[in-house]
Trainee: 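Structure below; questions to follow.
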Amino acid sequence: MQGRLSAWLVKHGLIHRSLGFDYQGIETLQIKPEDWHSIGVILYVYGYNYLRSQCAYDVAPGGLLASVYHLTRIEYGIDQPEEVCIKVFVIRKNPRIPSIFWVWKSADFQEKESYDMLGISYDNHPRLKRILMPESWIGWPLRKDYIAPNFYEIQDAY
């Protein structure tokens, strides 16, 4: 079943794949990494002026990585704002996605966290760096194929 935004994107010749609706009825779309920045700008102009959250996950060990964006269309006088979920899948060998920091500034730390935990590189992000792990850390802790180091920091419980 095609949602309202998906129908609008098709009408304007914008390539995407509809993934249906989640349990709350929010439309979910898949966008190719190379199309994400331009479609992100179009969605912002269309009215999706708020990036509610951005996260990432490992689809399967050795498989794809996904960057997920929850966008909201906030308008004055509307009780129930329109929402959409965008998923961008990338291969894990060289995971690169255009940053949407310049469209929605709230993506700043969220893209940094996705980079730090899963190793997804967000092209044109102004300050992409580790924020949770030390800069010297090797690997991406939230990948399903991540092997934990043989040491653990022992912390004083007192």
Side-chain angles (χ1 to χ4, degrees), residues 1-76 78-133 139-146:
M1 185 169 143
Q2 192 177 52
R4 198 167 95 181
L5 180 60
S6 183
W8 186 87
L9 291 171
V10 167
K11 178 182 172 184
H12 291 88
L14 299 168
I15 299 170
H16 69 287
R17 180 174 166 228
S18 178
L19 299 177
F21 297 86
D22 70 4
Y23 70 98
Q24 294 177 316
I26 296 172
E27 187 174 9
T28 304
L29 304 175
Q30 179 182 343
I31 306 291
K32 291 181 181 178
E34 59 270 18
D35 298 332
W36 171 226
H37 188 268
S38 59
I39 290 181
V41 170
I42 291 167
L43 291 176
Y44 184 83
V45 172
Y46 182 71
Y48 287 94
N49 52 5
Y50 180 62
L51 173 66
R52 188 164 41 98
S53 70
Q54 184 276 329
C55 63
Y57 66 94
D58 190 347
V59 177
L64 298 172
L65 300 173
S67 188
V68 182
Y69 303 83
H70 295 273
L71 305 174
T72 305
R73 189 176 183 173
I74 297 176
E75 297 178 51
Y76 182 74
I78 302 294
D79 291 337
Q80 190 66 27
E82 189 178 330
E83 297 181 45
V84 67
C85 175
I86 305 290
K87 293 188 178 187
V88 181
F89 294 97
V90 291
I91 57 170
R92 71 188 321 106
K93 188 170 184 172
N94 186 22
R96 303 187 78 79
I97 296 173
S99 173
I100 46 91
F101 170 81
W102 299 107
V103 181
W104 295 282
K105 298 287 191 238
S106 59
D108 186 18
F109 280 91
Q110 297 174 56
E111 287 183 344
K112 286 179 183 178
E113 182 181 7
S114 296
Y115 166 73
D116 196 6
M117 295 288 103
L118 290 153
I120 298 172
S121 190
Y122 293 90
D123 296 336
N124 297 320
H125 189 287
R127 297 171 298 279
L128 192 63
K129 64 178 185 171
R130 287 193 182 267
I131 58 172
L132 300 170
M133 305 301 289
W140 314 107
L142 289 184
R143 285 192 181 186
K144 292 181 179 176
D145 56 1
Y146 177 71

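Just so you know, residue 1 is the first one in the sequence shown, and it goes up from there.
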Trainee: If you look at every heavy atom in K32 and V88, which pair is closest and at what distance?
Mentor: C-CG1, 4.4 Å
Trainee: If every non-hydrogen atom of I86 is compared with every non-hydrogen atom of L71, which pair is closest and at what distance?
Mentor: CG1-CD1, 4.1 Å
Trainee: Which heavy-atom pair separates Y122 from S67 by the least distance, and what is that distance?
Mentor: OH-OG, 2.9 Å
Trainee: Excluding sequence neighbours, so at least two apart, what forms ring pair (Phe, Tyr, Trp, His ring centres under 6.0 Å) with F101?
Mentor: H125
Trainee: Around K129, counting heavy atoms of other residues, nucleotides and ligands shown, do more than 12 lie under 6.0 Å from its NZ?
Mentor: no
Trainee: Can you name the residues that form a side chain to side chain contact (heavy atoms under 4.5 Å, CB included) with T28, not counting sequence neighbours?
Mentor: L19, C85, K87
Trainee: Return the set of residues passing ring pair (Phe, Tyr, Trp, His ring centres under 6.0 Å) with W102 (not counting sequence neighbours), or none when no residue passes.
Mentor: none
Trainee: Grab the two heavy atoms, one from R92 and one from G63, that are nearest each other, plus how far apart they are.
Mentor: NH1-O, 2.8 Å
Trainee: How far does OG1 of T72 sit from CD1 of I78, to the nearest 0.5 angstrom?
Mentor: 13.5 Å
Trainee: So does Y48 get a backbone contact from the side chain of W104, meaning a donor-acceptor N/O pair under 3.5 Å?
Mentor: yes
Trainee: Please, which pairs that meet side-chain hydrogen bond (donor to acceptor under 3.5 Å, both in side chains) have at least one residue in residues 4-15, sequence neighbours excluded?
Mentor: Q2-S6, R4-E82, S6-H16
Trainee: Enumerate, atom names and distances included, each donor-acceptor pair closer than 3.5 Å involving a side-chain atom of residues 111-119, sequence neighbours excluded.
Mentor:
unit_1, atom_1, unit_2, atom_2, d
E111, OE1, S99, OG, 2.6
E111, OE2, I100, N, 3.2
S114, OG, Q54, OE1, 3.2
S114, OG, Q54, NE2, 3.3
S114, OG, Q110, O, 3.2
D116, OD1, R130, NH1, 2.7
D116, OD2, I131, N, 3.1
D116, OD2, L132, N, 2.5
D116, OD2, M133, N, 2.9

Trainee: Measure the shortest side-chain to side-chain distance between L9 and L29 over non-hydrogen atoms and say whether it is less than 4.5 angstrom.
Mentor: yes
Trainee: Quick check: does any side chain N or O of N49 sit under 3.5 Å from a backbone N or O of I74, one acting as donor and the other as acceptor?
Mentor: yes
Trainee: In Å, rounded to the nearest 0.5 Å, how long is the span from CD1 of I26 to CD of Q24?
Mentor: 4.5 Å
Trainee: How close do I15 and I31 get, counting heavy atoms only, and between which atoms?
Mentor: O-CD1, 4.4 Å
Trainee: Residues in side chain to side chain contact (heavy atoms under 4.5 Å, CB included) with R96, at least two apart?
Mentor: N94, S121, D123
Trainee: Please confirm whether the ring centroid of W36 lies under 6.0 Å from the ring centroid of Y69.
Mentor: yes
Trainee: If you define the side chain from C-beta out and look only at heavy atoms, does anything of H37 sit under 4.5 Å from V103?
Mentor: yes
Trainee: Using the side-chain contact (heavy atoms from CB on, under 4.5 Å) rule, take L5 and Y46 through it: C-alpha gap first, then chi angles, then the decisive distance, then the call.
Mentor: CA-CA 10 Å; L5 180 60; Y46 182 71; 3.8 Å; yes
Trainee: So, taking the atom named CG in L128 and the one named CD1 in I120, what distance separates them when rounded to the nearest 0.5 Å?
Mentor: 10.5 Å
Trainee: Please determine whether the number of non-hydrogen atoms from other residues, nucleotides or ligands lying under 6.0 Å from atom CZ of F89 exceeds 12.
Mentor: yes
Trainee: Which pair of heavy atoms, one from P33 and one from V90, lies closest together, and at what distance?
Mentor: CG-CG1, 3.6 Å
Trainee: Any heavy-atom pair between the side chains of L43 and R73 that's under 4.5 Å?
Mentor: no
